[in-house]
Amino acid sequence: MARLPFTRLFFLLFIGFLTFVSPVFGNLPEDRSSQNDSPFSVPQGLEARVDFWKKIYSVYTTKQAVIHDINNLSVVYGVVDLNGLSSWQAERELGRVKNHYRDMLRNIAQKNDRSALTSEEARIADMVQGQYYTASRNIRAQIGQKDRFREGLVRSGMYMDEIRKIFRERGLPEELTALPHVESSFQINAYSSAGAAGIWQFTRGTGRLFLKIGYEVDERRDPILSTHAAAKLLKMNHDELQSWPLAVTAYNHGLEGMKRAKRLFGDNIVKVIERYDSRSFGFASGNFYSEFLAALEVSRNYPDYFPGVELTRPIETVAVRFQDYVNIATASSYFKMTPEEVAQHNPALRPPVLSGRKRIPAGFVFKSPAEKLDSPATRYKVIPASLKYDRQTPSKWYTVARGDTLSQIVSRLNVDMAEMKRLNNIGRDNRIYPGQVLQLPTRESGESVSVTVAQAEILPKPPARKSHAPEAEDPREEKNVVVYKVKEKENLSLIARRFNAEPAKLAKFNQVKDPDALFPGQILKIPRSLVVAQAVKQANEPDNVAEVQKPNKFYLKVDKPEETEKPEGDGTASGSETEDKPQADVQLAKLETPTAVPAVMEMNKKRPAFIPVLFSSKKSRDSKVGMITVDFDETLSHYAEWAGVSVADILRANNLSKDRSIRINQKIRLPFSRRMPSHFEEKRQEYHRAIQEDFYNNFRVGKLSVRNIKKGETIWEICGNEIPFWLLGNYNSDKDIHSLAEGQTIVIPTIVPVKSSDA
């Protein structure tokens, strides 16, 4: 038999080999076939970290804590079972176990003879291999995430198809869609104590670059809108850094920080993680990329890690963009959805809208299940014009003037005393103070039955005149009017609008023939019946309209499952930060206004944001330039937006350069050439109240600790990723927390997640 040429023999053998192995290749998961082309392979030097986080996500549950070395994640001392323990019992147990290993490491360091070690000490010594004293200071506990990761996988099925589509359209690697597993376990209403929200965990500052974040709407909570924002942010990071490992790490640490790291260590992510020395580049930032790679592996091959798990199928929705402001009760009725369904399918709507205190804003894209409505645009057209509005329901605040009493204010504004006290956390003594900003009650429908009156420009009511007629029958009786003194440059239309009254009726009531001929100091009487009637007219529906059920007050509550809370103490923090984030199972509960939380309103008294704009003289008021004091989480862009001016206008008014940053408690002059100071105050207070509402709907303040500032310690280190700056400032209002001196006493609050039993 003639010998086959070598090339032909090789060809036949190669074909046979392919035939033999092809069934095996065909059974591999589809994603694995392209893993070699992925920019997210595990770099040499991160294998131990990635393996650690894979076990956290797929082996250990939230009822288990892994005790490990904070720097070398391959060193795992043991696993603590926390099942059945309360939060304080778990904290005590973890403290005991960490002390046990700490003492053991120090004992090992003192023994020169290996034979003197116990079997447990020998196991520890084999893992640590020297530097035992250093290791004793680097013991950390990490709560497992297996059950949470599994729940996140199930939830991800509702959104992942659309999320992948968004990333493909922007030319981004689809592997990046695994990031929400690290950030939030796909919990829509995940909210961290530091103020990050949604499945992509945007902070307010970063979110404002791409999303609408306000008192009525917070688009961070919408999984699709926030995905568009996350894609933009990741693309921006990569365009600047030209490295996906650095771009992903920048998602957690910040772009500027990673730019500094790249200047020092280039694109080598392992060198950055091991050598980059920055106060803010701690355990969370240093492990973020490893967590992402682990989450990518587990989620991509989830049948291997979670056999039998089934992902939730996407819910088909239809949408319509509202052209007007609409109350949630109206939307609920005409779109055939319960208020709970409105909240579930429109997670960007905040509690003030869901409770009816604010309207769904014009321009909002309203979503409803496709199975309920084929054409939401058609349903929107059916809504009567009388139930559509051209403006938002204003937030109702009243600034207490000197001489005011609570009973006078309640009577003057015709609001409910009990509700007024509840909203503003006022005690039995009814104590208020000049300059205090009070929130006024509104009806459940969201339409106000009160009116925000000018501060200190309402004259005290004179004694009622004697009359033989019943008081309710004569609207001119002083008891039934608000007496108002006309200011300069005011006309009847402006005053009527301020009181939600009709100019014609107001003119007739005061026998004013020329509405434009008012003079400063002229006394006008405003019938309270007119004020209330206007609001009631808007709140009530016409008889020929289908009855709209008025919603109960509720808010989206995140139901945190009963689990051991993250223990406190040195180094006992979650690298993934998911311990802090409540589960996203939507539940509707009675609205708990944060002002009802003890001490919140008391603390707000000292906050600059709750003090009216100051005008030092009549000249400054006439020139429309007011003075404010900078509060936490405020920027010049905030002021520009609220005052309706440009940042350049504010810079000029304060002789500041454009690269000059502002600081807490700094005095800033603001021009009010386009909007009234009252509008600025409303938007400013809404901004801070939204932050407080979000925080207190998800967390509460536990124990307070008092200690002295350590040498070189900064506000960033004290707050970490857990304590909001504004909250720390509230508990230390007597000091400038940005200029803390060594040895200075500081009060540090402990943040505790709110469980369903706490609500």
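- Remark: Lys235 NZ is loosely packed, at most 12 non-hydrogen atoms of other residues, nucleotides or ligands lying under 6.0 Å away.
- Gln323 approaches Tyr380 most closely through the heavy-atom pair N-OH, 3.0 Å.
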**OP:** For the pair Tyr305 and Glu297, evaluate side-chain hydrogen bond (donor to acceptor under 3.5 Å, both in side chains) and give the outcome as yes or no after the intermediate values.
**Re:** CA-CA 10 Å; Tyr305 292 93; Glu297 160 66 20; 2.9 Å; yes
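- Looking only at side-chain heavy atoms (C-beta outward), Tyr325 and Pro361 come within less than 4.5 Å of each other.
- When all heavy atoms of Ile383 and Lys388 are compared, the closest pair comes out as O-CE, 3.3 Å.
- The two residues Gly157 and Leu311 have their closest heavy-atom pair at CA-CB, 4.0 Å.
- Sorted by first and then second residue, the salt bridge (charged side-chain N to carboxylate O under 4.0 Å, His left out) pairs involving residues 316-328 (not counting sequence neighbours) form an empty list.
- Among Arg150, His181, Lys146, Glu291, the single residue meeting the side chain to side chain donor-acceptor pair (under 3.5 Å) criterion with Tyr57 is Glu291.
- Among pairs with a residue in residues 202-215, those fulfilling salt bridge (charged side-chain N to carboxylate O under 4.0 Å, His left out) read Arg204-Asp694, Arg208-Glu641, at least two apart in sequence or across chains.
- Proximity of a side-chain donor or acceptor of Thr62 to a complementary backbone N or O of Gly144 within less than 3.5 Å is not detected.
- Asp147 and Thr61 are not linked by any side-chain donor-acceptor pair at a separation below 3.5 angstrom, with hydrogens and angles left out of the test.
- Taking the ring pair (Phe, Tyr, Trp, His ring centres under 6.0 Å) definition, one finds that Phe725 meets it with Trp716, sequence neighbours left out.
- Using a 4.5 Å heavy-atom cutoff, the side chains of Ile166 and Ile224 are in contact.
- Within the structure, salt bridge (charged side-chain N to carboxylate O under 4.0 Å, His left out) contacts touching residues 190-199 (residues at least two apart or in different chains) do not occur.
- When every heavy atom of Ile723 is checked against every heavy atom of Pro749, the shortest pair comes out as CD1-O, 3.5 Å.
- Side-chain atoms of Glu634 and Tyr687 form no donor-acceptor pair, as typed in the model, at a separation below 3.5 Å.
- Taking His228 as the reference, nothing meets the ring pair (Phe, Tyr, Trp, His ring centres under 6.0 Å) condition, with sequence neighbours excluded.
- Counting heavy atoms from C-beta outward, Met417 and Leu406 have side chains that approach closer than 4.5 Å.
- A salt bridge does not link Glu686 with Arg689: every distance from a Lys NZ or Arg NE/NH1/NH2 to an Asp or Glu carboxylate oxygen is 4.0 Å or more.
- Partners of Ala197 under the side chain to side chain contact (heavy atoms under 4.5 Å, CB included) rule, at least two apart in sequence or in another chain, are Tyr191, Arg220.
- When side chains are defined from C-beta on, Phe695 counts as touching Pro724, because their heavy atoms get closer than 4.5 Å.
- For the pair Arg155/Ser185, a side-chain contact is recorded, criterion being any heavy-atom separation below 4.5 Å from C-beta on.
- A donor-acceptor contact under 3.5 angstrom links the side chains of Glu693 and Tyr215, judged on distance only.
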